[in-house]
Amino acid sequence: MTSVAHLIRRRRARIKRKQRALSTRRTLGTVFAVAFTLVVLLPVGGVGAVGLSYYNRIARALPAPQSESTLTPIIGASEFYDRSGQQVIWRVEDPLGDEREWLSIDNLPPYLIQATLLREDPDFLRTARFAPYQTFQQLAYNEFQAPLGPNPTLTGRLVRNAIAPPPEVINANYRAREYILVAELHRRHTPREILEWHLNTNDYGNSAYGIDAAARVYFDKRAEDLSIAEAAMLAAVPTSPRYNPLDDETAARGRQGEVLRDLVINEVITQAEYNTATISPTPIRPTPVQLPRTAPDYASYARGQAEAILDSLGYDGTRMVAREGLKITTALDVELFRQADCLTQTHLARLNSATPPPADDCPAL
């Protein structure tokens with residue numbers, strides 16, 4: 001039979017073993033907590049602090065909607081010269097001159113607003129919101145996985161077009177900046193305010209920045225007075241500004257038809273309004289100052305090359321040429337061009353059995 005003393009010793013031994021196991025677990029727990037703090041929490045906290053600091057630094061650079069940086073003040077007309085640097089072949093002037101103003105979205109035709117949304121971001125007014133967790137995920141992926149693609153929302157287009165134009169080579173740093181500015185826009189402004197900003201700064205081609213400038217350039221009227229057909233044509237331009245009514249009328253009219261069909265399908269306009277808008281081609285009345293005076297094809301090509309060179313240097317070439325009073329010398333020999341053009345016109349006249357121009361008007365003859 002087990003003695004009482006033996007039972008007491010066994011009990012004391014069990015208690016000591018439990019105390020040693022508890023002490024071991026406490027020690028291991030302390031070591032694990034310290035290691036977890038050093039390996040995980042401190043780096044994550046450090047990364048979070050650095051990320052928050054970076055976010056705040058980028059966000060502070062966001063301008064106000066009607067600030068000078070978003071209205072892009074005009075320094076002066078950019079001038080393209082011939083090879084001598086003496087003769088102006090094209091003055092690129094802002095179509096609104098000193099009359100540029102910020103248009104309230106409440107003063108624009110509803111069908112213009114809806115056409116813009118249908119073309120660029122149909123769910124924008126419903127889905128645009130500040131989403132900090134989603135933004136954090138996007139920035140983490142951009143930093144540790146691969147650079148993100150362009151933000152597909154209307155807000156993303158506003159950032160790229162008017163606030164932070166992309167460089168020639170887009171990297172992770174630019175994408176982080178873009179997504180931070182998108183998030184900050186959603187935090188500070190309502191969807192309607194962002195849409196108003198977008199409409200006032202959007203690129204409609206031919207130096208027409210903003211819907212009012214576009215209405216003046218292509219239709220010689222104010223944006224408030226645009227018809228349904230005119231609004232549909234302009235709403236189709238910003239996604240591909242090169243397909244504007246002056247540079248590619250065929251494409252512009254085809255895209256106009258697509259927008260009009262979207263408007264009637266989505267019940268923004270009635271079938272009768274659609275029929276009226278499509279019954280005849282929309283007249284285009286370009287502002288004369290936008291067209292090159294000499295060698296128009298060459299001048300347009302030179303402008304494109306100048307914009308591309310500026311883009312490659314990290315600038316926004318389109319805006320600089322349109323607004324910053326540049327003096328650009330081209331390789332055009334004006335006299336040689338005039339002789340070649342005269343010979344061409346004379347030859348075409350002869351082929352058409354028409355009377356050729358007098359020799360005095362053609363230096364090459």
### Query
Among side-chain atoms of Tyr141 and Glu143, is any donor-acceptor pair under 3.5 angstrom?
no
### Task
Please list, chain by chain and in numerical order, all residues satisfying side-chain hydrogen bond (donor to acceptor under 3.5 Å, both in side chains) with Arg187, sequence neighbours excluded.
Glu184
### Query
Would you find more than 12 non-hydrogen atoms of other residues, nucleotides or ligands less than 6.0 Å from Tyr298 atom OH?
yes
### Message
To the nearest 0.5 Å, what is the distance between CG on Leu260 and CE on Met233?
### Response
9.0 Å
### Query
Step by step, would you call His186 with Ile194 a side chain to side chain contact (heavy atoms under 4.5 Å, CB included)?
CA-CA 8 Å; His186 288 161; Ile194 294 172; 3.6 Å; yes
### Task
Not counting sequence neighbours, list each pair that qualifies as a ring-ring contact (aromatic ring centres under 6.0 Å, His included) and has a residue in residues 111-132.
none
### Query
Side-chain heavy atoms under 4.5 angstrom apart, residues restricted to Ile, Leu, Val, Met, Phe, Trp, Tyr: same cluster for Ile89 and Tyr301?
no
## Note on the structure
CG (Asp333) and CD (Gln87) are apart, to the nearest 0.5 Å, by 10.0 Å
### Query
Any side-chain heavy-atom pair from Pro110 and Val268 closer than 4.5 angstrom?
no
### Query
If every non-hydrogen atom of Pro152 is compared with every non-hydrogen atom of Tyr179, which pair is closest and at what distance?
CD-OH, 4.4 Å
### Heavy-atom donor-acceptor pair, Asp212 side chain to Ala215 backbone, under 3.5 Å
no
### Message
List the residues meeting side-chain hydrogen bond (donor to acceptor under 3.5 Å, both in side chains) with Asn244, not counting sequence neighbours, and say none if there are none.
### Response
Asn206, Asp247
### Query
Do the side chain of Arg175 and the main chain of Pro147 share a donor and acceptor less than 3.5 angstrom apart?
no
### Student check: side-chain heavy atoms of Thr201 and Tyr209 closer than 4.5 Å
no
### Working for side chain to side chain contact (heavy atoms under 4.5 Å, CB included), residues Thr155 and His198
CA-CA 8 Å; Thr155 313; His198 181 64; over 6 Å; no
### Summary
Arg242 meets the salt bridge (Lys or Arg N to Asp or Glu O under 4.0 Å) criterion, sequence neighbours left out, with none
### Task
Using side-chain contact (heavy atoms from CB on, under 4.5 Å) as the criterion, list what pairs up with Glu249, not counting sequence neighbours.
Arg253, Ile284
### Task
Mark yes or no for whether Asn200, through its side chain, and Leu103, through its backbone, hold a donor-acceptor pair below 3.5 Å.
yes
### Task
Indicate whether any N or O donor in one side chain lies under 3.5 Å from an N or O acceptor in the other, for Glu230 and Ser227.
yes
### Message
Quick check for you: to the nearest 0.5 Å, what is the distance between Leu195 atom CG and Leu117 atom CG?
### Response
5.0 Å
### Query
Among all residues two or more places apart in sequence or in another chain, which pass the salt bridge (Lys or Arg N to Asp or Glu O under 4.0 Å) test with Glu258?
Arg119
### Residue pair Glu196 / Asp106, side-chain heavy-atom distance below 4.5 Å
no
### Message
Run the side-chain hydrogen bond (donor to acceptor under 3.5 Å, both in side chains) test against Asn161 and tell me which residues pass, sequence neighbours left out.
### Response
Asn202
### Query
Who else is in the cluster with Ile170 when I, L, V, M, F, W and Y are joined by side-chain contacts under 4.5 Å?
Tyr174
### Atom pair OG1/CD1 of Thr276 and Ile228 - distance to nearest 0.5 Å
8.0 Å
### Query
Is there side-chain contact between Pro166 and Glu178, with at least one heavy-atom pair below 4.5 Å?
no
### Query
Looking only at heavy atoms, which two atoms of Gln256 and Ala229 are closest? And how far apart?
NE2-O, 2.8 Å
### Message
To check you understand the geometry: which heavy-atom pair defines the closest contact between Asp248 and Ala251, and what is its length?
### Response
OD1-N, 3.1 Å
#### Entry: Close side-chain approach of Pro238 and Asp203, heavy atoms under 4.5 Å
no
### Query
Is there side-chain contact between Val217 and Tyr204, with at least one heavy-atom pair below 4.5 Å?
no
### Task
Working to the nearest 0.5 Å, report the span between CZ of Arg192 and CD1 of Ile105.
4.5 Å
### Query
Using a distance-only test with no angle check, is there a side-chain donor-acceptor pair under 3.5 angstrom linking Glu120 and Thr239?
no
### Task
May I ask you to check whether over 12 heavy atoms, not counting those of Arg188, lie within 6.0 Å of atom CZ?
yes
### ring pair (Phe, Tyr, Trp, His ring centres under 6.0 Å) partners of His189, counting only residues at least two apart
Trp197
### Message
For residues Leu246 and Tyr243: do they belong to one hydrophobic cluster (side chain heavy atoms under 4.5 Å, members Ile, Leu, Val, Met, Phe, Trp, Tyr)?
### Response
no
### Task
State which residues pass side-chain hydrogen bond (donor to acceptor under 3.5 Å, both in side chains) with Thr135; sequence neighbours excluded, sorted by chain then number.
none
### Message
Do Lys327 and Tyr81 make a side-chain contact, defined as non-hydrogen atoms from C-beta onward lying under 4.5 Å apart?
### Response
yes
### Message
As a quick check of understanding, evaluate side chain to side chain contact (heavy atoms under 4.5 Å, CB included) for Leu158 and Leu185, giving each step before the final call.
### Response
CA-CA 10 Å; Leu158 170 61; Leu185 279 166; 4.1 Å; yes
### Query
Of all heavy-atom pairs between Ala223 and Pro109, which one has the smallest distance, and what is that distance?
O-CD, 3.7 Å
### Query
Around atom CD of Gln271, are there more than 12 heavy atoms of other residues, nucleotides or ligands at under 6.0 Å?
yes
### Query
Does any N or O in the side chain of Glu273 come within less than 3.5 Å of the main-chain N or O of Thr270, such that one atom is a donor and the other an acceptor?
yes
### Task
Would you please test Val88 and Phe80 for side chain to side chain contact (heavy atoms under 4.5 Å, CB included) and show each step?
CA-CA 6 Å; Val88 176; Phe80 286 78; over 6 Å; no
### Query
In chain order, what residues pass the side-chain contact (heavy atoms from CB on, under 4.5 Å) check against Phe337, with sequence neighbours excluded?
Thr294, Ala295, Leu332, Asp341
#### Entry: Contact summary for Leu226 and Ala231, nearest pair of heavy atoms
CB-N, 4.4 Å
### Query
What is the distance from atom CG of Asp121 to atom OG1 of Thr116, rounded to the nearest 0.5 Å?
11.5 Å
#### Entry: Side chain Arg285, main chain Phe219, donor-acceptor under 3.5 Å
yes
### Task
May I ask you to test the Leu112-Ile211 pair for a side-chain heavy-atom distance under 4.5 Å?
yes
### Summary
Correct closest heavy-atom pair for Ala172 and Asn142 would be O-ND2, 2.9 Å
#### Entry: Results of side-chain contact (heavy atoms from CB on, under 4.5 Å) for Thr127 - residues two or more places apart only
Asp123
